[in-house]
Amino acid sequence: MILVTRLLVFRARITTLEGMVNPEDDIPFFGDNEEPVQMATASGGIAARALAARNRHSEPATYLNGLNPEQKRAVETIDGPVLVLAGAGTGKTRVLTTRIAHILAVGKAYPSQILSVTFTNKAAREMKQRIGVLVGGAVEGMPWLGTFHSIGVKILRRHAELVGLRSDFTILDTDDQIRLLKQLIKAEGLDDKRWPARQFAMMIDGWKNKGLGPVDIPEGDARAFANGKGRQLYEAYQNRLKTLNAADFGDLLCHPIRIFRTHPDVLKEYHKKFRYILVDEYQDTNTAQYMWLRLIAQGSHNVCCVGDDDQSIYGWRGAEVDNILRFEKDFPGAAVIRLERNYRSTAHILGAAAHLISHNEGRLGKTLYTELADDEHDKVIVHAAWDSEEEARALGEEIEQQQRHGHKLNDMAILVRASFQMREFEDRFVTLGLNYRVIGGPRFYERLEIRDAMAYLRVVCQPADDLALERIINTPKRGLGEAAIRQVHDYARARDIPMLQAAGDLIMTEEMKPRPRKSLTDVVENFRRWSSLLETMPHTELASQILEESGYTDMWQNDRSADAPGRLDNLKELIRSMEDFESMRAFLEHISLVMDTDRNENLDAVSIMTLHSAKGLEFETVFLPGWEEGLFPHQRALDEGGRSALEEERRLAYVGLTRAKINCHIWFVSNRRIHGMWQSTIPSRFLDELPSEHADVAEPESSYGGYGTSSVGGGYGASRFDKAEPFSGSYDTPGWRRAQANRNDATRQNWGSRSGHAVERVGYGETDSGYGAGRTSVKSPVIDGELVAKSVADEPSSFTIGDRVFHMKFGNGNVAGIEGNKLTIDFDKAGQKRVLDNFVDKKQ
DNA sequence: CATTGGAGCGACAAA
DNA sequence: CGCTCCAATG
């Protein structure tokens, strides 16, 4: 009852607002979904109640309670440009959401007049949910809360015709993009092996990240691909997209920018529209996003960007940390607010992270502090494991241990550098029966059968979608082979019409052989019928009808292979998930933009995800496996990117550490399988950047220990880590120094001796000695003049077929084949394996 | 035209 | 290792 009263008061307040707003300022925009919203609904909301309370007693709003002075300032400074430099765990999201609540509460804007941009769908979802807590149902009136891409689509659909598209354009994913590019490269008469479409797709992505169209790209870039045909191909690609009525991810930003620039009247609408602009993760904006934002922000100047330069991890995607550094120049008079009090992590975790990140040079420099005492908490713990299998096993045991101590699986996460690391954990957890959830891993919508089904739906919704048609025109098999498809394709290209239309024309002629002609007629008629049902039949029903009538479900039912039933299940799941959308088009748009599905929200499960997708999240316990040179920092960063790439890797490590609230466990292994071959690895340099006051090495003898006891070929002696002393100062022999200088070799090989005595752990004395400048030639690691390993065989292998050999992991075996320095060995116990010759000893 | 097997190759991160 | 592409066969 009391609640109801408060809501009424709040509602009254909103009504007043309506009165206050100059009608001119609120030009009805897109109508339907943007009616002025009733802010408080049955669910109420803190801000709503707070405001109600304030109205009665003139008290400060309670939603501001509990904010520290800086946070409060960031929330209340709503007019003019504001830059919030918010370190990890300093309540960034809270500031953003409270700020929105505040803007609404003081009546400065309608929910629909706030533009709020995030990077990931997850962040958008979370923000929406948290705003909902504050302002209740008013959040439903915020159509402009979303990712750059989803907001870009929304704008583009409204003005598609200004860039030569129709508003029902298709959004192509990377896969479609590559297939299309491959066609174009071939059509140009180029060798698609020499000029891989994948690489060209990346170049185009890069250009679009900078907001460059075909005419804008630098001459050098244009020449770099396909014998100087780069620009021409890019142009052809854009033209083809137009014909296909399609846009790729980059276009979702670039097209709106072009529209804003060429149509000031359109831009003006948005200037009036967006009274307040908020941007999350500003350090990750790329040039295109930055331009987009600046164009829009010219209107109100009420732009608030929140970011942390230490968490900039998307440089490879074109992010410009500069954007955050030059904010004050771009928006003169900007208020800059620093949030440095960390509410998330223990002092140990914070201390470890801070020390690590201090090795970076290019940063604004913030000092995070916490008021949590650290004497009762564990340090960051570093574990060593023999290989990735054992890493998974030990990590699994650690999780079970935690579980026995009453910790929820939901509070634990495994954060990996690269997604291929995930599988090992999944395998292990399946055998353990441990619940896990993979976030952003191999995704539902990337499965073959799902993509096929989607292709059918795409053609029905958007008949010009040739890529989709080509995908399924002969799936299931209908006798429309390469020849027939080419015929349709050529016919279509010659007349510049969509393939489906071409097919429709072609079957009326005598040009085709009878058999394919009959099949093609069926296809064309089917699609015509399905399209005509689009407006009348419920979309889920239509979808299952399409899959039935096309013979697609039959195809899998007749399939005797083991995974066919699973695929049928997935198709059912696809149809089921369509129910949540109001139309087939809405469904298609959703999945092209947000590929992630997290079902089973209420299941208690460990999360497995990449470090990149972990940004913004937090967990009680965080596991960070795979801290080895070459994996983390990643080899490509070491080889190509120089110092800045390495610093980005370090920021990634920083992000990983700062996800943890209480416990943080790091793992490194000495053997990892890369490309199916076992390679020896050395611990990541980042481990040496953890200060010993905040990081400990796990005792090898603890419950998960037993490194040397691999099941295969076991009993080859003590663990190499028995005497590991990771944080014990530096080694200083000449050979050690040379080894360090050379450690940027393409392959990290067999460090230390193989005879079982203590391993020489990397003890970088000074941080800048081992890497950075001066990598002129690639050499193999050398210890005291002895060549330890080499990645490329420049001389014949010293082994011959039939040699009896011994391998650390697999035990004894016979050499069965030799290719360069790669040996195929029949092991007595482990079967046939391929290994590098450095890892086996010849027996006399 | 479809199926099959083998060679060859490749890979980081995401909307 | 796992995928795609190609050539050789049914």
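Keep in mind that what you see is a predicted model, and the values were worked out from it rather than measured. Chain letters run A, B, ... following the sequence lines, proteins first and then strands; every chain starts at 1. What's counted below: heavy atoms across the whole structure, side chains too, no hydrogens, waters or symmetry copies.
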Would you mind reading off the distance between [X] atom [atom1] and [N] atom [atom2], rounded to a whole angstrom?
X: A:Q177; N: B:dA15; atom1: CD; atom2: P; value: 15 Å
X: A:Q311; N: B:dA13; atom1: CD; atom2: C1'; value: 16 Å
X: A:M555; N: B:dT3; atom1: CE; atom2: P; value: 10 Å
X: A:E482; N: C:dC6; atom1: CD; atom2: P; value: 10 Å
X: A:N558; N: B:dA2; atom1: CG; atom2: P; value: 16 Å
X: A:I204; N: B:dA15; atom1: CD1; atom2: P; value: 20 Å
X: A:I178; N: C:dC3; atom1: CD1; atom2: C1'; value: 13 Å
X: A:L253; N: B:dA15; atom1: CG; atom2: C1'; value: 10 Å

**Request:** Name all residues meeting the side chain to side chain contact (heavy atoms under 4.5 Å, CB included) criterion together with A:D522; count only those two or more places apart in sequence or in a different chain, and write none if there are none.
**Result:**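 Listed in chain order: A:K518.
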**Asked** Can you name the side chain to side chain contact (heavy atoms under 4.5 Å, CB included) partners of A:D191, sequence neighbours left out?
**Response**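 Applying side chain to side chain contact (heavy atoms under 4.5 Å, CB included) to A:D191 gives A:K193, A:R194.
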**Prompt:** Distance between the C1' atoms of B:dA13 and C:dT4, in whole angstroms?
**Reply:** 23 Å
Does [N] have OP1 or OP2 sitting under 4.0 Å from an N or O in the side chain of [X]?
X: A:T120; N: B:dA15; answer: no
X: A:R317; N: B:dC12; answer: no
X: A:K193; N: C:dC6; answer: yes
X: A:S419; N: B:dA13; answer: yes
X: A:N474; N: B:dA2; answer: yes
X: A:R423; N: C:dG2; answer: yes

**Prompt:** Of A:R515 and A:T610, whose closest DNA chain B nucleotide lies nearer the 5' terminus?
**Reply:** A:R515
**Asked** Is the ring centre of A:Y314 under 5.5 Å from the base ring centre of B:dA14, and are the two planes under 30° apart, so that they stack?
**Response** no
**Message:** Applying the 5.5 Å / 30° rule, does A:H612 stack onto the base of B:dA14?
**Reply:**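 It does not: the ring fails the test against the base of B:dA14.
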**Request:** Check the surroundings of atom CZ in A:R423: do more than 12 heavy atoms from other residues, nucleotides or ligands lie under 6.0 Å from it?
**Result:**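 Counting neighbours around CZ of A:R423, 12 or fewer heavy atoms of other residues, nucleotides or ligands fall under 6.0 Å, so no.
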**Request:** When you get a sec, tell me which of C:dC5, B:dC12, B:dA15 is the closest nucleotide to the side chain of A:K182?
**Result:**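 Closest nucleotide to the A:K182 side chain: C:dC5.
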**Message:** Of the listed nucleotides (B:dC12, B:dA11, B:dA15), which one gets closest to any side-chain atom of A:A418?
**Reply:**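 Side chain of A:A418 sits closest to B:dC12.
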What is the nucleic acid contact for [X], judged by heavy atoms within less than 4.0 Å: base, sugar-phosphate only, or nothing?
X: A:F148; answer: nothing
X: A:S150; answer: nothing
X: A:N209; answer: nothing

**Message:** Does either side chain, that of A:Q462 or that of A:N245, offer a donor lying less than 3.5 Å from an acceptor on the other one?
**Reply:** yes
**Asked** Do A:E649 side-chain atoms and A:H634 backbone N/O form a donor-acceptor pair below 3.5 Å?
**Response**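 Yes, A:E649 side chain to A:H634 backbone: donor-acceptor pair under 3.5 Å.
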**Message:** Could you check whether the side chain of A:R417 and the base of B:dA13 have a donor-acceptor pair of N or O atoms closer than 3.5 Å, going by distance alone?
**Reply:**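 Yes, a donor-acceptor pair under 3.5 Å.
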**Asked** Ignoring hydrogens and angles, are the base of B:dA13 and the side chain of A:H634 linked by a donor-acceptor pair under 3.5 Å?
**Response** no
**Prompt:** Given A:Y237 and A:L180, is the side-chain contact (heavy atoms from CB on, under 4.5 Å) satisfied, shown in steps?
**Reply:** CA-CA 8 Å; A:Y237 171 71; A:L180 177 55; 3.7 Å; yes
